Engineer: 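Questions regarding the structure given below will be posed in turn.
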Amino acid sequence: MGDSLQASEFGSTDRLGLILGGVVTLLAVAGIVVGVLIAKNVINTGTHSKSNLNDSTAASLTATTSASATSEVVPGQTLHTSSTGTSASATSTHTSTESPSYTAATCSTEKDIPSAFKGTYNDPTTWLDMTDFNCTFTSEMVGNLSIVGLNSTWDDSKQANPNVPALNKPWGSYSSNPIRAVNLGGWFSLEPFITPSLFDYDSSLGIVDEYTLCAHLGTKQAAVTLEKHYATFITEQDFADIAAAGLSHVRIPFSYWAVTTYSGDPYVLGVSWRYLLRAIEWARKYGIRVNLDLHAVPGSQNGWNHSGRSGSINWIIGTDGSTNAQRSLDIHDQISTFFAQPRYKNVVAFYGLVNEPGITIPQNELADWTASAIKIVSGNGVAGTIIFSEALRGLPAWQGELQGYGNSLVIDVHEYVIFDPNMIVFDHTKKVSFVCSTFEGQVSASMNTATGFGPTMVGEWSQADTDCAQWVNGVGSGARWTGNFSGETTPYCPTGNSQCSCNMADQPVSSYSSDYKTFLLTFAEAQMSAYEAGWGWFYWTWKTESAPLWSYQAGLYGGFMPPVAYNRNWSCSKSVPSFGSLPEYY
Ligand SMILES: *[C@@H]1O[C@H](CO)[C@@H](O)[C@H](O)[C@H]1NC(C)=O
Ligand SMILES: *[C@@H]1O[C@H](CO)[C@@H](O)[C@H](O)[C@H]1NC(C)=O
Ligand SMILES: *[C@@H]1O[C@H](CO)[C@@H](O)[C@H](O)[C@H]1NC(C)=O
Ligand SMILES: *[C@@H]1O[C@H](CO)[C@@H](O)[C@H](O)[C@H]1NC(C)=O
Ligand SMILES: *[C@@H]1O[C@H](CO)[C@@H](O)[C@H](O)[C@H]1NC(C)=O
Ligand SMILES: *[C@@H]1O[C@H](CO)[C@@H](O)[C@H](O)[C@H]1NC(C)=O
Ligand SMILES: CC(=O)N[C@H]1CO[C@H](CO)[C@@H](O)[C@@H]1O
């Protein structure tokens, strides 16, 4: 897709020559001469402690292009038509109160970048944001993935909070010291309901997911738009706030185009990779352990928008299903080789194979793929516990499956009461008691190999009591609550009639009644308590633009989340408090 230069592969000088004519010959010669020259210019890194979030600079960046028909990540397969260094401009949107630091450091400039890497996503002189990135070029790759941007040393001595061990100390038992954590959803794998501003187009354009968004923008503008999002949506301050909220882990969803793309893909290749790596460094700085979550695999594992492309499942099953299954194994080979490096041993505590595979994928085929993936990932030496999804068929379905891995394999279930017409209709009290009985019961049963798989975690949950949040069912979709979701005409709310309305869900947090906040806090504490019957929980998600019941941050600011996650007043062992005169129809 798109409109920029196509280079078929690294070393394809014929093709480069066609595009750039004699210039490339000069660059190639210069590249050989320069070789792996280490930059010598000492520059003021005061500028590098800032985000260079300047739109005109961003606009001068040109796009990444996907290599045609290759599944390898190859340096030089993407081209920038120009490489405007961003190191000179220092416009900061969020660090303006910091005093500048004047530590000397060596940053590469354009002349230091070997020709094969010039203008690629590995070329730091083209990056939009240099905050905390190492600005010295390196051609070093691990698992065919670049380490450029990373520092050579790291410090694993931090503790996220006094109740959990420092990164360089063993966690111990997750059954007795559960995970309390959040997802960083909508950052590297876009979701319209998390960032509706990125999907604000006329509905006739059909922009409903990252695929259609990138196809519409074209490769150049997609790269500019998405890099700006990567650089601004989550910042270091979020990691500081997450640790301060008593949370110990983050689950970071990312998509396969962080490492590779295939013929015809419109996705932005490679740019999210370095922001993912920086995110891990920020997590480390606050003692937070990371759960890497491959949220989108080639072909789409569930046909939902958050797999990149909404539509059919073409992974294991569907068109090119077996090719895409193999591609996803190849991707795991690369990624797990990378994350087996010593620098990740203490911080990447969990390694997720694939988010929410669709229920139409036969379980035996999914289990076979999972066993192959585990063999690759553990064979490459990843230290973290591997995660597989219950794949929307219920925890009991995995009793007796994928046994023999001990505590090095954990099953992941996502618990929501609002996507099921049988549960969304529960009143507020019933939603709380249902979590405490049924969801806690499911998690407990799953922890026991006589009744379930064994080690069990809850990788997603939220405080939503309706499906009213804008686009939570997809761009342009109606809601079950009001009775206009996907051809339905029955309103699924406790009163089940024309009273059912999204009015309250659409209000700002500042207008929430104290009874509603009591419900929301209790609903959150009920879920935390229920899921701590297993290995613990990851809330979905840390931050949203406009959906407060899906934002841990909004809950903290709004006073309907416990200020620190490990210190709570209510648990499932207590009776459900009164929610006063809280209405049940909105
Ligand atoms: C970005 O930099 C350009 C050139 O230095 C300047 O003209 C422009 O005002 C800056 N834009 C912002 C948003 O700071
Ligand atoms: C890398 O090192 C530089 C220089 O010491 C520092 O400013 C920067 O914050 C470090 N980056 C990370 C992610 O730790
Ligand atoms: C890296 O790429 C080369 C060719 O580009 C390939 O032969 C090799 O298998 C790849 N290694 C990994 C770990 O993907
Ligand atoms: C920055 O990266 C270069 C190349 O990988 C490396 O030699 C250097 O030590 C790194 N700087 C820091 C501060 O880690
Ligand atoms: C669904 O119904 C609500 C309330 O009547 C309305 O605001 C919304 O536009 C409808 N959405 C669709 C997709 O029909
Ligand atoms: C627990 O209750 C006390 C006393 O009512 C209150 O001050 C505190 O904020 C509550 N803590 C949480 C986490 O709700
Ligand atoms: C059509 C579609 O894929 N809808 C999904 C989009 O993603 C949201 C969550 O972000 C899901 O709830 C929808 O089912």
Side-chain angles (χ1 to χ4, degrees), residues 36-39 43-50 95 98 100-108 112-113 122 124 129-142 146-156 158 183 185-186 189-196 199 206 208-212 235-236 239 253 274-286 295-296 300-313 343 347 355-356 358 392 414 416 418-420 424 460 462 464 467-480 485-486 540-541 544 547 550:
V36 289
L37 182 79
I38 294 165
I43 76 144
N44 170 4
T45 57
T47 60
H48 287 277
S49 67
K50 309 291 187 183
T95 54
E98 275 179 14
S101 85
Y102 291 97
T103 318
T106 53
C107 282
S108 298
D112 306 319
I113 312 298
N122 286 340
D129 177 11
M130 293 309 295
T131 311
D132 286 338
F133 282 120
N134 182 340
C135 53
T136 305
F137 177 78
T138 174
S139 59
E140 190 178 341
M141 306 269 242
V142 181
S146 178
I147 68 156
V148 67
L150 290 177
N151 285 346
S152 308
T153 58
W154 61 90
D155 173 6
D156 285 344
K158 288 283 169 21
N183 282 270
S189 302
L190 298 188
E191 289 195 39
F193 94 97
I194 297 176
T195 57
F199 292 85
V208 298
D209 52 26
E210 194 161 337
Y211 186 99
T212 47
T235 66
E236 182 182 342
F239 288 84
R274 66 173 173 273
Y275 288 93
L276 171 65
L277 298 187
R278 186 179 64 176
I280 296 168
E281 296 312 311
W282 282 340
R284 190 199 304 276
K285 185 169 174 182
Y286 295 93
H295 216 71
S300 174
Q301 73 278 19
N302 52 35
W304 286 325
N305 47 12
H306 46 75
S307 70
R309 191 173 194 184
S310 163
S312 48
I313 299 176
R343 69 166 86 226
V347 68
N355 180 63
E356 296 184 356
L392 309 155
H414 300 168
Y416 296 109
I418 55 135
F419 295 121
D420 183 330
I424 190 173
E460 296 186 13
S462 81
D467 63 339
C468 287
Q470 185 192 19
W471 297 341
V472 75
N473 296 312
V475 173
S477 285
R480 293 167 186 80
F485 170 70
S486 186
W540 188 271
T541 182
T544 61
W550 296 88

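All of these numbers come straight from a predicted model, not from anything done at the bench. In each ligand, atom 1 is the first atom listed, and ligand 1 is the first ligand listed.
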Engineer: Walk me through it: do N302 and S300 pass the test side chain to side chain contact (heavy atoms under 4.5 Å, CB included)?
Structural biologist: CA-CA 6 Å; N302 52 35; S300 174; 4.0 Å; yes
Engineer: If you count the non-hydrogen atoms of other residues, nucleotides and ligands that lie under 6.0 Å from CZ in R309, is the total more than 12?
Structural biologist: no
Engineer: Looking at atom 2 (O) of ligand 4, what's its closest protein heavy atom, distance included?
Structural biologist: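 Answer, as residue, atom name and distance: N134 ND2, 2.2 Å.
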Engineer: In the protein, which heavy atom is nearest to atom 9 (C) of ligand 7, and how far is it?
Structural biologist: E191 OE1, 3.2 Å
Engineer: Relative to the heavy atoms of N151, which atoms of ligand 2 are at a distance of less than 4.0 Å?
Structural biologist: 1 (C), 2 (O), 3 (C), 8 (C), 10 (C), 11 (N), 12 (C), 14 (O)
Engineer: At what distance is the nearest protein heavy atom to atom 4 (C) of ligand 4, and which residue and atom is it?
Structural biologist: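 Atom 4 (C) of ligand 4 sits closest to the protein heavy atom T138 CB, 3.8 Å.
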Engineer: What is the nearest protein non-hydrogen atom to atom 8 (C) of ligand 4, stated with its residue, atom name and distance?
Structural biologist: S152 OG, 3.3 Å
Engineer: Is any side-chain heavy atom of N355 closer than 4.5 Å to one of P253?
Structural biologist: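 When only atoms from C-beta onward are counted, N355 and P253 do not touch, as no gap falls below 4.5 Å.
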Engineer: Does any non-hydrogen side-chain atom of Y416 lie less than 4.5 Å from one of D467?
Structural biologist: no
Engineer: State whether the shortest distance between N or O atoms of D132 and N or O atoms of ligand 2 falls below 3.5 angstrom.
Structural biologist: yes
Engineer: Return yes or no for this condition: an N or O of T153 is under 3.5 Å from an N or O of ligand 4.
Structural biologist: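 No, no N or O pair falls under 3.5 Å.
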Engineer: Quick one: which ligand 7 atoms are inside 4.0 Å of a heavy atom on V472?
Structural biologist: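 Near V472, the atoms of ligand 7 are 8 (C), 9 (C), 11 (C), 12 (O), 13 (C).
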Engineer: Report yes if some heavy atom in the side chain of R274 is under 4.5 Å from a heavy atom in the side chain of F133; otherwise report no.
Structural biologist: yes
Engineer: How far is atom 1 (C) of ligand 7 from its nearest protein heavy atom, and which residue and atom is that?
Structural biologist: S310 OG, 3.8 Å
Engineer: So is F419 polar-close to ligand 7, meaning N/O to N/O under 3.5 Å?
Structural biologist: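 Between F419 and ligand 7 (N or O atoms, distance only) the closest approach is not under 3.5 Å.
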Engineer: Answer whether the closest heavy-atom distance between the side chains of D132 and E236 falls below 4.5 Å.
Structural biologist: yes
Engineer: Taking 4.0 Å as the limit for heavy-atom contacts, which would you say applies to F193 with ligand 7: side chain only, backbone only, both, or neither?
Structural biologist: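 The part of F193 near ligand 7 is the side chain, not the backbone.
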Engineer: Going by side-chain contact (heavy atoms from CB on, under 4.5 Å), name the residues that satisfy it together with T544, two or more places apart in sequence or in a different chain.
Structural biologist: I194, T541, A547, W550, S551
Engineer: Can you find a heavy atom in the side chain of F239 that is under 4.5 Å from one in the side chain of K285?
Structural biologist: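 They are not in side-chain contact.
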Engineer: Which of these, N305, N473, D209, has its nearest heavy atom closest to atom 6 (C) of ligand 7?
Structural biologist: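 Comparing heavy atoms across N305, N473, D209, the nearest one to atom 6 (C) of ligand 7 lies in N305.
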Engineer: Using a 4.0 Å cutoff against the non-hydrogen atoms of E281, which atoms of ligand 2 qualify?
Structural biologist: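 Close to E281: 13 (C).
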Engineer: For G185, is there any backbone N or O sitting under 3.5 Å from a side-chain donor or acceptor partner on N183?
Structural biologist: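 Such a contact is absent between N183 side chain and G185 backbone.
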